[in-house]
Each structure stands twice: as structure tokens, then as C-alpha cells.
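Below is one structure, written out as C-alpha cells, with a few remarks after it.
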Protein chains: 2
Amino acid sequence: MEAKESLKTHIAKTASLTDDEFDHFFSHFKSRRFQKGQFIISGGDIVDSEYFVVAGCLKSFFINDDMKMFILQFAMPTWWASDYNALYNHTKATINVDCITDAEVLCLSNDDREKICSELHQVEHFFRWRTNKGYVAAQKRLLSFMNNNVKYRYEELLKLYPELHDTVGKNLIAAYLGVSRETLSRL
Amino acid sequence: MEAKESLKTHIAKTASLTDDEFDHFFSHFKSRRFQKGQFIISGGDIVDSEYFVVAGCLKSFFINDDMKMFILQFAMPTWWASDYNALYNHTKATINVDCITDAEVLCLSNDDREKICSELHQVEHFFRWRTNKGYVAAQKRLLSFMNNNVKYRYEELLKLYPELHDTVGKNLIAAYLGVSRETLSRL
DNA sequence: ACGGATGTGTGACCTACATCACTTTCGAAA
DNA sequence: TTTCGAAAGTGATGTAGGTCACACATCCGT
């Protein structure tokens, strides 16, 4: 699907915008293409935008002092990604975002988001709703982390996102689950 | 501080409401008092409200099949609590909310929140911003979970919320950190 | 002041997962 | 087809934290 169509369908699920309003909204996005392995945000960057995935697959992740990687989120088409902590608090990135596959994204700056949110009530509504979904998902994941062992969480993940199995390697799945790739390999 | 004042100050940090607008907003809240140990939401309930804490301390928590408790959140004054998953998706509660101390809360129904959000753009703005904060905090906690050991997370928690040390017992702290009370006891 | 919850410390073990080291598989480039 | 590098499996061993059991403390209602 074309980028504009993809975003329009995505928004329409929670906000009612006229065509003119959507066009205005859309005019603030910049389309960008990245190649597999390219970084969109790397630690230390100033973060001023968030990214709507049109095609491909991104990951947002943290690297600790021992160079161990923890994946916060995979971002497939119609998902959003950024370092939201850095974005909202105007601090430097501690989270990286890069491309698992070649990707096409729509880029929206923080300033523009705030501007359109105040111009169009329905856009603010959309972003509230989107963050709600993310918040609930994060809480669920936290609970699953505390409550379930790796095997269960692995099966849960594959059930929730079957497409991951083909797109991302097991080392990345392990980094998402917060275990070593060896442990994952032993099921 | 009086309930109305407390909410007004809290909202004013992110949204500009006239006094009339705030009064309209406030008119949808119901004040309720609970005693230490009382449940505000218990698993299986229909959840139709969220709660703004005026005084006291709540916890939201999950009980698994082995009757083990995991605390999602402590809610001190000016914090909000509910089973947001159940609230937004109109499903039955899987999360409990109860009172660690006697508590006074302001209760807002889901329907009323959506109504005021659509009536007052600034109220929608406030709730977007509030959820953003929660989302970022949940992601940070998730990362800390994957990255840090219990001791570090315990110190981090006490640094972030020193007031917890006096209000809640170590068994509850352990349930928040996702470890056994014995392990916490051994520092 | 008593007795029973409820919280907290501690010892002896157990287990899930980490770590390190090595091997095998597989896919893409030459 | 060969070669090379990355991804994936596997064995041996270490360790953080879990579990069970019991000992003290408190706190609170009668």
C-alpha cells in the first residue's frame, strides 16, 4: 500500500478527519527510505522525530555497558517507533532504532506533532489513543516478564506476532525476551 | 490539600483550563474514601472508572495461579490508578487495586472521560500527556528489568520514590521488583 | 497482658538461566 | 563449486535468585 493510504487507514480507525484535515496532517510527514542495517536513531543523537513504518521492519533497542542488546520493540508496518523518552524530554537518545530489513517510513517531528495536535482535536485524540495502546501493551509485557518463564514468553510472542518468525533471527528474539541466544536455542 | 485543589494543580501543569472549564471537568468526578486493605477493583469486576489519588496510597497488582502477587504500580497522591486494559477494552479486571493505607480518591468513569475529552480539547491534551509519561516510565522499568539485578533495581526504586520506604512493607517492595521477599531481605 | 495474625530475617538446598567454548548449518559472494 | 562469515545448536560449568523451613519480632484486637 502507498504510504499516504497506509497512514490514512491507520488513523481512520480511531479519529474522524475530513480529507482536507488528513491532507493537512499528512503534509507534515516526510517520507524516507532506509536500508537493512541502517540506523535511524543512535545513542547520543538529538531526537526530534518519530517514525511511522510503511514497509519493512525496524527495531528499537538499548545497548548496556557490557554491549548486550535489549530490544524494546519491533516495528512492523503501521507501527510507530522512536526514543520516546528522549523525544518528549528533549534529552539525548539512549535508545537506538535501526532497520532489520529495507524500510520505508514516514517521519514526523515532535514540534509538528504538537502543532497538529493543537490544531486538530481529532489528531490529539488519535495520539492519546495510540499511546494508551502502547501503555497497556508495555504493562502486559512487564507482567509477563515477572510471571512467566522464557519458554512461555517465547510462545506468547510468536502467537502474538507470527510474522516475526520469518523476519527476524533468533538472536533478536532472544534480545527481545531478555535471555541469551543459547538459552533460547535450547527452547 | 483539598481534593479539588489537588486535581486542579495537577492538571494545570500540562493543560490550560479556565476556571469554568475546570469546574465542568471536576463535576464529573466522584469523591470516595476507602480504608486500608479495601479493594477498589478486584479481578473479575467490570471496570468502568479510573481513580485519582488525593490522599493515601494504593497499589495495582496481579495475582497469578500460584497466588503469587506482582505489583504493577504504587499510587501516591496525584497519581492515577485503574486496570487500564480492562477499562479501555471493556473486559473484566485481571488487575486488582487496593489500599495500602486509608485513602481518598476522585473517581472518573471511562464514559465521562471520553465525553470531557471530546468536549474540551485541553482535557484530551492532558490525558495524552499523562499516558505518555506512563508509557515512557513503563518502558524504562522494562529495560531496568532486563538489564539490572535486584539490588540495583531496589536502590533505584528507593531513590525514585523515597516515600515508599516508610509507607509500604518489604514484602510489597519485593512484589514490585518481581523477586521473593527472602531475596530482598538478603539485600 | 495475652494470643494470633502478619511481617521480617536466615539457613539449606534447588533450578533456571548465563557464560564460555566449541561445533554445525546455511546462505551469499567469488 | 568452493569458501567464508554469520546464525544456530550444544556441552560443561557457574551463579542469582527461588523455595521451603523455621525463628523472631511486631502489631492489634479482645
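Below, read A as the first sequence line, B as the second, and so on, with proteins coming before strands; counting in each chain starts at 1.
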Practice item. Round to the nearest Å and state the distance from A/I173 atom CD1 to D/dA8 atom C1'. Key: 13 Å
Point to revise | d(CE, A/M69; C1', D/dA7) in whole Å | key: 13 Å
Practice item. Looking at every strand, decide which applies to A/K68 at a 4.0 Å heavy-atom threshold: base, sugar-phosphate, or nothing. Key: sugar-phosphate
Point to revise | Those residues of residues 178-187 of chain A lying under 4.0 Å from DNA chain C by at least one heavy atom | key: A/G178, A/V179, A/S180, A/E182, A/T183, A/R186
Review point. In terms of side-chain heavy atoms, does A/E124 have a donor or acceptor partner in A/S118 at a distance below 3.5 Å?
Key: no
Review point. Does the side-chain hydrogen bond (donor to acceptor under 3.5 Å, both in side chains) test come out yes or no for A/D48 and A/N110, once each step is laid out?
Key: CA-CA 6 Å; A/D48 69 350; A/N110 198 57; over 6 Å; no
Review point. Rounding to a whole Å, what distance do you find between A/L172:CG and D/dA7:P?
Key: 8 Å
Exercise for review: Consider only side-chain N and O atoms of A/W80 and A/H10, and report whether a donor and an acceptor are under 3.5 Å apart.
Suggested key: yes
Practice item. Rounded off to whole Å, could you give me the CG-to-C1' distance for the B/N64 and D/dG18 pair? Key: 13 Å
Practice item. Determine: side-chain N/O of B/N171 to OP1/OP2 of C/dT8, distance under 4.0 Å, yes or no. Key: yes
Check your understanding: Within the side chain of A/D83, is there an N or O that forms a donor-acceptor pair under 3.5 Å with the backbone of A/N85?
Key -> yes
Exercise for review: Compute the centroid of each ring, for A/F61 and then for A/F70, and state whether the two points are separated by less than 6.0 Å.
Suggested key: no
Practice item. Report yes or no: does A/S185 contribute a side-chain atom to a donor-acceptor pair with the main-chain N or O of A/R181 at less than 3.5 Å? Key: no
Revision key, fill the gap. Between CG of B/N147 and P of C/dA18 the distance, given in whole Å, is 13 Å
Check your understanding: Atom CD1 of A/I100 and atom P of D/dA7: how far apart are they, to the nearest Å?
Key -> 12 Å
Exercise for review: Take the protein atom CZ of B/F145 and the nucleotide atom P of C/dC17, then report the distance between them rounded to whole Å.
Suggested key: 13 Å
Study note, to complete from the structure: From NZ of A/K170 across to P of C/dC26 the rounded distance in Å is 12 Å
